[in-house]
Amino acid sequence: MTLSGPPVPDDHDRAPVIVSTVGSFARSVLDERHPALIERVRQSTPYPPKQQRALDALLAEITEGVIEPLDHGEPGAEVWRDEPYHGQRWPDVPFLWAESFFYRKLLAALRYFTPGPWQGVDPFAPFKNAELASSKVDDELSALDRLPQLPAEEQDRTVLHSSLWGNRADLGFQLSAGAEGLGDRVPGLVVDDSAALWQLLAVARPGKVCLVADNAGPELLPDLVLADHLLTTRRAATVVLHLKPYPYYVSDATTADALACLDRLSAASGHAADVGKRLRQAIMSGRLILRTHPFSCAPLPYADMPGDLRDDFASATLTIMKGDLNYRRLVGDRHWRATVPFAEVTAYFPAPVAALRTLKSDVATGLPPRTLEQLDATGEAWRTSGTHALVQVGV
Ligand SMILES: O=P(O)(O)OC[C@@]1(O)O[C@H](CO)[C@@H](O)[C@@H]1O
């Protein structure tokens, strides 16, 4: 089986896979976001001539060329060798695959996997570090002091919505959002299954909750607060935090980013410091488990996940999927009817699953018809603007 998985059965009720047609959001990502990212990476780290030339070649390939395989000597190239898309134009292949392979080629160009002085140097670290050090994060950490004073139900709602809206902290998205950054977030959610989520966790014997993280810094901090909350309120005996095994989609969180967040929490004062201390103890006692599965960086929908990952999710009381890319992979990066039930498109998932997502790409499922009608009537780009969000649960 290639990384692209077995040929997807084109059964009649499958919506078409998203490719980067002219004028689409996906096309703007390939034509604008990725070239802009190459330039930002070039400006933020003084890479030597070899990497500079490799970045020039990658830029030419994605803007004018066809998909070239990874160099034969590239560590791990064998995993991508049999892909069926080599030789095709980037806009003509599945958007999910094209994006994922772009990030893998970017790391190859920067010799991230190559033994030597640049091995393991995260090209996105300058961006992620700046975000984590921002005064906005200081303010958010100080605000945590108010959390313990809230009634229990309000605490639940606050930690869940902080984790949800933390997903707007997405450096790749902000490359497209432009200098004005995110639009004003819309009050309320397009779908809110929060009550069902907490009901699933109201179990007599707390079990395992998998939290599939997305972005580092301002998103991972509230995710860690959520993990601490699940442990301290005994909604979970253990939390498995799925991180990326290597840098991905600019701001996706790695283990190094999680440790940086723990340091940020511990260096704060008040409740934030208490959370940081408890999380460090939880890791050392095995109640908070950090996991980095290679599939987290694969160009595939979760429907194609390998058995060991499926087993991990199957044994969880609930899996919480954070962010837009995970949502696209969870439901399938397809032009679904936005009203197709979320439970239907996630029926393959081996146990209850919840999505906490700000909408930043075309995929949408599980919207009530009336809501869809109202959103479309606004004439706004509600699917891709990051102004709308959802909490969805599939059991
Ligand atoms: O997963 P995240 O960080 O919430 O969003 C990832 C993202 O920025 O990248 C993709 C487009 O490049 C979209 O899925 C989305 O816009």
Side-chain angles (χ1 to χ4, degrees), residues 17-21 24-38 40-41 62 90-91 93-106 124 127-128 131 162-178 181-183 185 189-190 211-223 242-244 247-254 257 295-302 320-336 354-365 381-392:
V17 170
I18 292 178
V19 293
S20 311
T21 47
S24 66
F25 163 76
R27 188 61 175 269
S28 71
V29 171
L30 300 191
D31 290 354
E32 298 160 24
R33 183 179 296 190
H34 290 172
L37 178 59
I38 289 175
R40 277 198 66 189
V41 164
I62 64 171
W90 287 83
V93 305
F95 174 42
L96 183 68
W97 189 93
E99 278 197 300
S100 189
F101 193 49
F102 165 74
Y103 283 101
R104 182 61 185 82
K105 292 205 80 169
L106 180 61
F124 312 128
F127 317 144
K128 294 191 279 190
E131 262 208 325
S162 298
S163 174
L164 167 68
W165 289 107
N167 179 233
R168 287 158 63 90
D170 161 8
L171 290 162
F173 174 81
Q174 288 168 32
L175 274 173
S176 305
L182 292 162
R185 86 185 203 196
L189 309 179
V190 296
L211 177 53
V212 183
D214 184 19
N215 297 306
E219 178 169 2
L220 189 57
L221 281 167
D223 290 346
H242 282 259
L243 299 157
K244 296 301 192 295
Y248 199 56
Y249 277 72
V250 191
S251 41
D252 280 22
T254 63
D257 296 315
F295 189 78
S296 297
C297 291
L300 296 172
Y302 276 105
I320 300 173
M321 288 277 181
K322 287 297 311 298
D324 193 76
L325 173 61
N326 278 326
Y327 188 87
R328 292 167 55 199
R329 298 183 66 194
L330 178 64
V331 303
D333 205 30
R334 295 172 176 271
H335 290 293
W336 295 109
L356 271 58
R357 175 226 184 178
T358 53
L359 282 69
K360 293 179 278 187
S361 64
D362 287 326
V363 181
T365 68
W382 58 270
R383 290 171 184 262
T384 57
S385 58
T387 51
H388 294 69
L390 57 77
V391 176
Q392 285 179 317

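Basis for what follows: all heavy atoms, side chains included, without hydrogens, waters or symmetry-related copies. First listed ligand is number 1; within each ligand, the first listed atom is number 1.
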message: Can you list every protein residue that has a heavy atom under 4.0 Å from any atom of ligand 1, sorted by chain and residue number?
response: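 Ligand 1 pocket, heavy atoms under 4.0 Å: F25, V29, R33, E99, N167, D170, F173, D214, N215, Y249, G323, D324, L325, R328, K360.
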
field: Results of side-chain contact (heavy atoms from CB on, under 4.5 Å) for T384 - residues two or more places apart only
entry: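 By the side-chain contact (heavy atoms from CB on, under 4.5 Å) rule, T384 matches F25, D362, A381.
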
field: All side chain to side chain donor-acceptor pair (under 3.5 Å) counterparts of S100, not counting sequence neighbours
entry: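 For S100 the side chain to side chain donor-acceptor pair (under 3.5 Å) partners, ignoring immediate neighbours, are Y248.
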
message: Taking the side chain as everything from C-beta on, heavy atoms only, tell me whether H335 gets closer than 4.5 Å to I18.
response: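 Heavy-atom side-chain distance check passes, below 4.5 Å.
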
message: Taking the side chain as everything from C-beta on, heavy atoms only, tell me whether W165 gets closer than 4.5 Å to L189.
response: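 When only atoms from C-beta onward are counted, L189 and W165 do touch, with a gap below 4.5 Å.
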
S251 and its side-chain hydrogen bond (donor to acceptor under 3.5 Å, both in side chains) partner, picked from D257, N215, D214: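 The option that passes is N215.
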
- prompt: By side chain to side chain donor-acceptor pair (under 3.5 Å), which residues pair with E99, not counting sequence neighbours?
  reply: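 Side chain to side chain donor-acceptor pair (under 3.5 Å) check on E99 returns Y249, R328.
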
